[in-house]
Each structure stands twice: as C-alpha cells, then as structure tokens.
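As structure tokens, the structure follows; a few thoughts come after it.
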Amino acid sequence: MTLLRVEDVHKSYGDEEVLKGVSFEMDRGDVDVLMGPSGSGKSTMLRCINRLTEIDSGDVWLDGTPVYGPDTDVNELRQDVGMVFQDFNLFAHLTAVENITLGLKRVLGVPKAEARERAMEHLEQVGLAAQADSYPAELSGGQQQRVGIARALAMEPKLMLFDEPTSALDPELVGEVVEVMRDLAAGGMTMLVVSHEMGFARSAADDIHFLDSGTVVESGPPEQLFERPEHDRTRAFLTGLQAETHQ
Amino acid sequence: MLQAGDWAFVFANLDYLLAGAGITVGLTLTSLLLGFLTGFPAGAIEVYGDGILERVVSTGGVVLRGTPIVVIMLVLFFVVSISKSAFITATVGLGLRSAAYQSQIFRGALQSVDEGQMEAARSVGMSRFEAIRYVVVPQALRRSMPGFQNEFTIVLKDTSIAFAIGLAELLTRGNDLFTQSGRSTAVLEVFLTISAIYFVLTFATNRGLDRLSDYYAIPSGENR
Ligand SMILES: Nc1ncnc2c1ncn2[C@@H]1O[C@H](COP(=O)(O)OP(=O)(O)OP(=O)(O)O)[C@@H](O)[C@H]1O
Ligand SMILES: [Mg+2]
C-alpha cells in the first residue's frame with residue numbers, strides 16, 4: 001500500500017531549478033535511500049515532504065492526504081513525518097528526555113508524567129536511557145543523533161526522513177546510529193534516508209534513488225543499482241563514492 | 001581638601017544620602033522593568049515581525065537611541081509633562097531609552113539562535129509561535145544576560161540624570177548637601193561618598209547577575 005507519493009515535484013530558488021520534476025513512491029514499511037552529488041537537491045526533496053520548504057508545482061501525498069492540499073494543516077501533517085537532521089538540532093537548553101517530552105506535551109497534549117514515561121521508552125529504544133538527564137552539549141555526536149531519532153519517533157510518525165544522519169559524525173560513531181536505523185527498518189518503519197552509507201543502503205534499503213541536478217536519474221534495489229547501474233552518471237558517482245570510502 | 005569636619009558632615013547626613021540611594025535603586029528597577037517589558041517584544045518584532053509594525057518599532061528605536069537621555073527626560077517633564085511625578089517621568093524616560101537598547105540585545109540574541117532549532121521544533125509539529133516561545137526564546141534569554149547586565153549598569157548610573165528634573169535621588173541629594181550655605185568645602189567628600197555608593201550598587205548587582213547567569217547556564221560538559 002502506497003504511503004508516500006511524490007509526483008512531478010518542481011522547486012526553484014531564484015533562477016536555479018533545484019528539483020526538476022521528481023517522482024517516486026514508497027509503500028508502507030519501505031526503506032528508500034536517496035543518493036546523489038552535493039547540490040543535487042536531496043535535502044530540498046526531503047524538506048518538501050514535510051513542507052519545511054514549499055514546492056512550486058507537483059504533488060505530494062502522504063497516506064492519502066494531499067500534503068499541499070488547501071485544507072491540510074501543516075502542523076498536523078508534520079506530526080506524521082519525523083525528521084532527523086545532519087546537525088542533530090537537539091534543543092540545546094533541554095535535557096535529552098526534555099527534548100522528547102516537549103513535542104509530546106505541547107503538540108500532542110500528553111500529560112507531563114505520561115510524556116516522560118513515553119520519552120523514556122524511546123530513549124531506551126535508542127539505548128540512551130542512562131543519558132536521559134544529560135544536556136546535548138554533554139553528549140557525543142552519536143548520542144545526540146540517537147536522541148534526535150528518539151525525539152522524532154516519539155511523535156509516532158508514519159514516515160521518518162533522515163537527512164545525512166551520520167555525515168557530521170566521527171567515523172567511530174557512525175556505527176551506533178546506523179545500528180539504530182537498522183533496528184527501525186527491521187521494525188517496519190517507513191524511512192526515506194539521504195545517505196551515502198553503502199553498508200546501510202545495501203543491507204536495509206528496498207530502493208535506491210539516484211538524484212542528479214534535480215532529477216531522479218535512476219532507481220532500483222541496491223543490488224541492481226550498485227552492481228549494474230544503467231546510467232553513466234550513476235556509475236561515475238558510485239565509482240567516486242567507492243574511491244572515497246576506500247581511501 | 002579632605003577635611004575631618006567635612007567627613008563628619010557627610011556621615012551626619014548619611015541617612016539622607018542612603019534614602020536617595022534607595023530612590024536610585026527603585027528607579028533603576030522600574031526603568032529596567034519597563035525597558036524589558038517594552039524592549040523584549042520590540043526585539044521580537046524586529047526579528048519576526050514584518051510590515052508597518054516592524055517599521056514603527058525599529059524607527060522608534062533609532063529615534064530613542066539617537067537622542068540624549070537628558071533631552072528625553074527634560075522633554076517628557078517640561079514639554080510633554082506626562083506626569084507631575086518626577087519619579088514616574090524618570091521611569092518613563094529611562095525605561096523607553098532602555099527599551100530601545102534592550103530591544104537590540106534581544107534582537108541579536110534571537111538571531112543568534114541557530115535556524116536549525118526552529119526547524120527542529122517545526123518538524124515535530126509546533127507552530128511558529130510555539131517554536132519561538134518554547135525553543136528560541138529560552139535560549140535567547142540566556143544569551144542576553146551579558147548584554148542585559150551591561151544595560152543594568154548603564155541604567156543604574158543614568159538614574160543620576162533625573163537630577164535634571166529635580167528627583168531626590170542619590171546625586172540630587174549629594175548636590176543638596178554641599179550647596180547648603182557654608183558647606184561648599186564638603187564637595188569632594190560628598191562626591192567620593194556617592195561614587196562609592198554607586199560603585200557598591202553596581203558591583204553587588206553585577207555579582208548577583210553573574211550568579212543568576214551561572215544558575216541558568218546550559219551545561220556543556222566541559223565546565224563540569
Ligand atoms: N534556502 C535556499 N536558498 C537558495 N538556494 C538553496 C537553498 N537551499 C538549497 N539551495 C540550493 O539548492 C541546491 C540543492 O540544495 P540541496 O541542499 O537540496 O542539495 P543536497 O543534494 O542536499 O546537497 P548536499 O549533499 O551538499 O547536502 C543547491 O544548489 C543549493 O545551493
Ligand atoms: Mg543536503
């Protein structure tokens with residue numbers, strides 16, 4: 001069953017067309033990975049799904065709801081779409097557990113004690129129950145990102161968006177975040193991930209979409225896209241990526 | 001120069017001076033409060049507002065910051081005559097002038113909070129207002145502390161400008177003392193005494209505000 005449908009999305013900044021008619025679909029439980037060179041529009045595409053950025057034309061549907069429909073409440077829509085950021089963006093003045101309870105209390109109206117209980121469950125899920133009362137600046141990057149994931153999960157979203165969740169991390173901290181993401185994928189969460197982590201893509205992705213200059217050049221399951229890419233641009237990009245990770 | 005008789009005169013009138021210091025402190029507090037209650041929203045409007053309101057606020061700020069405080073106070077008291085009370089007039093003058101500066105402190109602090117904080121708040125479904133209220137403002141207030149502390153010191157010392165409208169604060173009372181007939185030799189002793197009082201007030205409040213900043217500081221791991 002289709003959970004997310006992106007249809008011919010166009011987006012320009014000034015004269016520069018960043019998304020030139022992007023279309024793809026995800027079923028419930030799918031894990032898709034967006035790859036592509038820097039500036040190809042990956043982040044913009046993700047942000048158009050929860051309307052942190054507005055599209056110029058096209059359509060986005062989430063679970064049958066038109067994301068850009070005139071009657072769609074953007075704040076309600078965003079409760080269904082969790083987002084994980086490259087720079088974590090944890091609320092700097094709040095502890096790990098407070099980062100999670102804030103949305104529960106203010107957006108969902110969950111009473112204080114229950115909010116804390118639910119937040120603790122999600123911290124446990126990412127292996128950070130012991131750090132509940134630490135402030136973001138007291139946590140490692142990997143820990144911060146796991147709190148970021150827990151914060152998004154606590155809203156019980158239908159879809160999780162990840163924008164390069166590991167690229168700001170020291171190499172030795174990537175693993176713990178990828179592991180949490182693998183668990184999520186295995187648990188049936190629908191995930192759209194911008195990432196160049198080949199290991200994660202290979203083991204968890206249903207489909208990879210290769211984006212270049214604002215268009216999806218080619219899509220397919222990892223074994224197909226990685227082993228038998230059809231387009232020169234994809235091949236060139238993957239070669240570059242492998243050279244980078246093996247250096 | 002310094003004479004024992006003049007010191008004795010100052011100490012005999014210390015109560016009178018300290019009562020003036022009380023008015024100075026009171027005026028500082030009312031002015032800062034008015035400045036905060038007006039300046040904080042003004043700073044927020046400059047950052048988040050648009051259109052006519054934003055223009056009115058930022059123009060008002062430019063005018064207030066560009067006018068000498070003694071002129072503001074004299075105009076309010078003698079030209080516009082907003083109140084018969086010199087204390088109320090001084091509060092309004094110092095308060096509005098402080099608002100114009102505090103708005104800039106808060107504007108800078110609000111703008112210094114990373115855009116990602118707002119985006120993260122919006123991404124969990126908070127409205128723009130909720131994101132500002134629960135995520136941006138608490139961080140901006142903490143970052144305003146050094147600027148606010150500075151403003152506190154400036155307002156405290158500038159209460160002495162209420163001298164121009166005859167408010168019986170510390171400086172005015174000091175002036176009253178040595179202008180009494182036959183007491184002009186005590187001028188230096190009087191000024192040393194009131195300067196010391198201003199210094200103690202400034203020093204003590206700054207220490208107090210330091211404590212407050214430390215108390216609300218966000219733990220960063222390093223300073224543990
Ligand atoms: N707010 C903005 N205003 C103007 N231009 C923007 C804005 N956001 C993105 N762009 C431009 O849009 C293009 C696509 O940016 P985007 O961030 O989506 O790329 P990306 O694929 O995520 O790149 P990266 O791998 O570097 O994160 C870039 O040329 C970028 O400069
Ligand atoms: Mg990006």
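Below, chain A is the first sequence line, B the second, and so on; all start at residue 1.
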Problem set entry | Close side-chain approach of A:Phe24 and A:Leu4, heavy atoms under 4.5 Å | yes

With a 4.5 angstrom heavy-atom cut-off, could you sort out which part of [X] is near chain A: side chain, backbone, both or neither?
| X | result |
| --- | --- |
| B:Arg142 | side chain |
| B:Ala121 | both |
| B:Gln117 | both |

For this session: Take the angle between the ring planes of B:Phe148 and B:Phe152 and call it parallel below 30°, perpendicular above 60°, tilted in between.
Result: perpendicular

side-chain contact (heavy atoms from CB on, under 4.5 Å), paired with [X], selected from [options]:
| X | options | answer |
| --- | --- | --- |
| A:Phe88 | A:Val147, A:Leu169, A:Ile149 | A:Leu169 |
| A:Leu159 | A:Asp63, A:Asp80, A:Asn50, A:Ile49 | A:Ile49 |
| B:Val124 | A:Arg151, A:Arg78, A:Met83 | A:Arg151 |

Among [options], which residue has the highest count of heavy-atom pairs closer than 4.5 Å to chain B?
| options | answer |
| --- | --- |
| A:Leu90, A:Leu108, A:Val84, A:Asp73 | A:Leu90 |
| A:Pro157, A:Ala154, A:Ala92, A:Gly103 | A:Ala92 |
| A:Arg106, A:Arg51, A:Met155 | A:Arg106 |

Atom group of [X] that falls short of 4.5 Å from chain B, counting heavy atoms:
| X | value |
| --- | --- |
| A:Phe85 | side chain |
| A:Val81 | backbone |
| A:Arg47 | side chain |
| A:Asp87 | neither |

Exercise. So, A:Arg146 versus A:Gln143: side-chain donor-acceptor pair below 3.5 Å or not?
Worked result: no

Problem set entry | B:Ser127 versus A:Asn75, side-chain donor and acceptor atoms under 3.5 Å | no

Problem set entry | Charged N-O contact under 4.0 Å between A:Arg116 and A:Asp133 | yes

Seminar exercise, completed: Counting heavy-atom pairs under 4.5 angstrom with chain A, the leader among B:Arg122, B:Glu115, B:Arg128 is B:Arg122

